[in-house]
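Presented below is the structure to which this report refers.
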Number of protein chains: 2
Amino acid sequence: MANDLRAMVERLKAVSHPLRLRVLALLGAGELCVCQVAEVLQVPQSSVSEALRELRRAGFVNERKEGRWVFVSVVPQTGASPLLEGILAEAVSLVEVHQDRERAVEVKLLSIPMVCCKVQKAAKAEVIRV
Amino acid sequence: MANDLRAMVERLKAVSHPLRLRVLALLGAGELCVCQVAEVLQVPQSSVSEALRELRRAGFVNERKEGRWVFVSVVPQTGASPLLEGILAEAVSLVEVHQDRERAVEVKLLSIPMVCCKVQKAAKAEVIRV
DNA sequence: ATGATATATCGGAAATTACCGAAATATTAA
DNA sequence: TTAATATTTCGGTAATTTCCGATATATCAT
């Protein structure tokens, strides 16, 4: 990615969004698959997918395919990006981020990813049925 | 300002904009008045004013009134904002920012601020006349 | 007072972005 | 194969943001 002002603005835009910043901050605590992120944050999976696309475009996250799952993580910190460091450092002090990370631990203990999308769909159906 | 995720997103939005990021990075090299910023960056003065309003709202810049001039500067770095530090650290490596800062030195040597708005208006009139 | 300069706000059309359900694609299991 | 699950892309309206000229306000000089 070009090292010019426009490119930096695009990177900033990528995190100037509640969901995208939440996702990045969540991944700061460790790798997750897309469906786990959706389950932790309780948002539509398509929204998570779109958020991750932007974060990838901005060079903040990597992906790793494993079967039908896509695991995403923050790019390794080589000290090459003061911006990313600053964002993560500031984000970890936010209560929402702390809560999301606690919830991620629960989700992982519940032997998800195998069932998390299923869980989301069931929950949605429940809402409709009631 | 509240220390929640929404507030951090608002701060990020404030710099997710070419002009606003340029202004912040320019002020990182030292205090200037509004008209000097407009002269250095060669943009309408109202645009600079609006950019500064957002940067002030985000808590990135301070203002100091002196007569009819408003001098603006980056808030003192107390290490309390890793985000601001990261933004400035990343911005100083951009060629555009380097050029803007060099131009700021010229503008200050030309005994501006007293005449910089006048200069801008004259330049605009010139364009219209030709 | 009048004029000149600096700054802020306003208007409002154009461009951009957000949002999420639905549909498409991919991989695995039975 | 068919079914189930995970992910991405699409559609399309609503909401937001951008941009800058014009206008308003403030301060200083004469």
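Throughout, a chain's letter reflects where its sequence line sits, starting with A, and its residues are numbered from 1. Note that the coordinates shown come from a computational prediction; the quantities given were computed from them, not determined experimentally.
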Let me know the distance between [atom1] of [X] and [atom2] of [N], rounded to the nearest Å.
| X | N | atom1 | atom2 | result |
| --- | --- | --- | --- | --- |
| F71(B) | dT5(C) | CZ | C1' | 14 Å |
| L12(B) | dT17(D) | CG | P | 14 Å |
| Q36(B) | dT5(C) | CD | P | 16 Å |
| E54(A) | dT7(D) | CD | P | 18 Å |
| R22(B) | dC19(D) | CZ | P | 12 Å |
| R56(A) | dT7(D) | CZ | P | 11 Å |

Salt bridge check, [Y] against [X]: does any charged N sit closer than 4.0 Å to a carboxylate O?
| X | Y | result |
| --- | --- | --- |
| R103(A) | E39(A) | yes |
| E96(A) | R22(A) | no |
| K13(B) | E54(B) | no |

Please write out each protein N/O paired with an N/O of nucleotides 9-16 of chain C under 3.5 Å, distance rounded to 0.1 Å.
from	atom 1	to	atom 2	distance (Å)
dC10(C)	N4	E50(B)	OE2	2.7

**Request:** Go along nucleotides 24-30 of chain D 5' to 3' and tag each nucleotide: B for a protein heavy atom under 4.0 Å from its base, S when only backbone or sugar atoms are that close, - otherwise.
**Result:** ---SSS-

**Prompt:** For R64(B), does the CZ atom sit with more than 12 other heavy atoms under 6.0 Å from it, leaving out its own atoms?
**Reply:** yes

Is a side-chain donor or acceptor of [X] paired with a backbone partner of [Y] at a separation under 3.5 angstrom?
| X | Y | answer |
| --- | --- | --- |
| S16(A) | L12(A) | yes |
| Q36(A) | C33(A) | yes |
| Q45(B) | A38(B) | no |
| R20(A) | A14(A) | yes |
| R56(B) | V72(B) | no |

**Message:** Pick the closest DNA chain C nucleotide for K65(A) and for L19(A) by heavy atoms, then say which residue is nearer the 5' end.
**Reply:** L19(A)

**Upstream residue (5' side of DNA chain D) when P18(B) and L52(A) are each assigned their closest nucleotide** = L52(A)

